[in-house]
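All remarks here apply to the structure that follows.
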Amino acid sequence: MGYSDYDFKFAKTILRQHFPHLMDEIEAAISELQAQGVPLGRGVRPTPAQVLENLLAQKDWQRQQPVTPNHPHLRFDLKKGEVAVEIQLSDPADCYNDFLKFLLAYNLGVIEVAVEIVYDDSVRGNNLPHLSKVRRDLEVYRRIISCPIWVIGLKPD
């Protein structure tokens with residue numbers, strides 16, 4: 001399982017330059033997801049999102065971290081240092097919530113870069129969050145969303 005990606009506002013470059021160990025951990029978790037043979041799509045148990053979250057948590061990523069202390073009800077799936085990760089493999093509409101959380105945390109100086117994990121376009125299924133849709137949405141909102149976001153599209157084996 002590889003991945004496709006979209007580098008919104010140089011997020012990948014920022015990760016590579018300033019947080020290379022965190023980028024390596026994300027890529028290693030995706031590789032491990034493949035090594036475990038976890039299928040992608042709906043109806044899989046445990047879900048690919050749960051497996052990926054567990055793999056990153058094993059590398060000391062903190063789960064369900066508040067976006068800010070003043071907004072404890074808004075939480076990132078995972079956060080480590082100044083990098084936040086949202087794994088959105090169920091509902092494409094939830095990506096908008098992720099963008100707003102990223103934007104808030106970025107504008108308040110809580111994060112420097114964000115990672116949105118969705119499916120590559122090659123993953124079949126109805127109403128799944130795919131890389132091409134996230135890319136189109138980010139391009140539409142380019143002037144509004146200032147946060148650098150590395151969008152990863154998980155590919156099947």
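Throughout, numbering of the chain's residues begins at 1 and tracks the sequence.
Across Leu55 and Ala29, no two heavy atoms sit closer than the pair CD1-O, 3.4 Å. Between Pro46 and Val51, the shortest heavy-atom distance links the atoms CG-CG2, 3.7 Å. Among all heavy-atom pairs drawn from Pro20 and Arg16, the shortest one is CB-O, 3.5 Å.
Hydrophobic clustering (ILVMFWY, side-chain heavy atoms < 4.5 Å, transitive): Leu128 and Leu52 are in one cluster. Tyr3 is not connected to Tyr6 by any chain of hydrophobic side-chain contacts under 4.5 Å among Ile, Leu, Val, Met, Phe, Trp and Tyr, and they are in different clusters. At a threshold of 4.5 Å between side-chain heavy atoms, the hydrophobic network of Ile, Leu, Val, Met, Phe, Trp and Tyr places Ile87 and Val151 in two separate groups. One hydrophobic cluster, built from ILVMFWY side chains closer than 4.5 Å, cannot hold both Leu100 and Ile144; they sit in different ones. With hydrophobic clusters built from ILVMFWY side chains whose heavy atoms lie under 4.5 angstrom apart, Phe76 shares a cluster with Ile149.
For Glu32, the salt bridge (charged side-chain N to carboxylate O under 4.0 Å, His left out) test picks out no residue, with sequence neighbours left out. The salt bridge (charged side-chain N to carboxylate O under 4.0 Å, His left out) test applied to Lys59 returns no partner, not counting sequence neighbours. Considering only residues two or more places apart in sequence or on other chains, Asp24 meets the side-chain contact (heavy atoms from CB on, under 4.5 Å) condition with Glu27. Partners of Trp61 by ring pair (Phe, Tyr, Trp, His ring centres under 6.0 Å), not counting sequence neighbours: none found.
Going from atom CG of Asp94 over to atom CG of Leu89 covers 11.0 Å, rounded to the nearest 0.5 Å. To the nearest 0.5 Å, atoms OG (Ser4) and OH (Tyr119) are separated by 13.0 Å. The CG atom of Leu33 sits 9.5 Å away from the CD1 atom of Ile117 when rounded to the nearest 0.5 Å. For the atom pair CD of Gln65 and CG of Leu74, the computed distance is 13.5 Å after rounding to the nearest 0.5 Å.
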For this session: Using the side-chain contact (heavy atoms from CB on, under 4.5 Å) rule, take Phe99 and Val134 through it: C-alpha gap first, then chi angles, then the decisive distance, then the call.
Result: CA-CA 10 Å; Phe99 300 159; Val134 172; 3.8 Å; yes
For this session: Could you give me the CA-CA distance, side-chain angles and deciding distance for Glu25 and Lys80, then say whether side-chain contact (heavy atoms from CB on, under 4.5 Å) is met?
Result: CA-CA 11 Å; Glu25 289 177 0; Lys80 190 171 185 180; 2.9 Å; yes
For this session: Give the C-alpha distance, both sets of side-chain angles, the deciding distance and a yes or no for side-chain contact (heavy atoms from CB on, under 4.5 Å) between Leu138 and Arg135.
Result: CA-CA 5 Å; Leu138 286 172; Arg135 180 181 185 149; 6.0 Å; no
For this session: Using the side-chain contact (heavy atoms from CB on, under 4.5 Å) rule, take Asp77 and Leu56 through it: C-alpha gap first, then chi angles, then the decisive distance, then the call.
Result: CA-CA 10 Å; Asp77 290 342; Leu56 287 168; over 6 Å; no
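Panel note: side chain Asp121, backbone Ser132; a donor-acceptor pair is recorded below 3.5 Å. A donor-acceptor pair is defined here as one N or O able to donate and one able to accept, closer than 3.5 Å; such a pair exists between the side chain of His130 and the backbone of Val123.
Between Ser90 and Gln88, the closest side-chain pair of non-hydrogen atoms falls below 4.5 Å. When side chains are defined from C-beta on, Asp98 counts as touching Phe102, because their heavy atoms get closer than 4.5 Å. Counting heavy atoms from C-beta on, the side chains of Cys95 and Val118 come closer than 4.5 Å.
Defined by atom type and a distance below 3.5 Å, a donor-acceptor pair is present between the side-chain atoms of Asp120 and Ser122.
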Would you list the atom pairs, donor with acceptor, under 3.5 Å between side chains in residues 7-15 and any protein atom, with sequence neighbours excluded?
from	atom 1	to	atom 2	distance (Å)
Asp7	OD1	Ala11	N	2.7
Asp7	OD1	Lys12	N	2.7
Lys9	NZ	Arg142	O	2.8
Lys9	NZ	Ile145	O	2.9
Lys12	NZ	Asp5	OD2	2.6

Just distance, no hydrogens or angles: give the donor-acceptor pairs under 3.5 Å from side chains in residues 105-116, sequence neighbours left out.
from	atom 1	to	atom 2	distance (Å)
Asn107	OD1	Ser146	OG	3.2
Asn107	ND2	Leu103	O	3.4

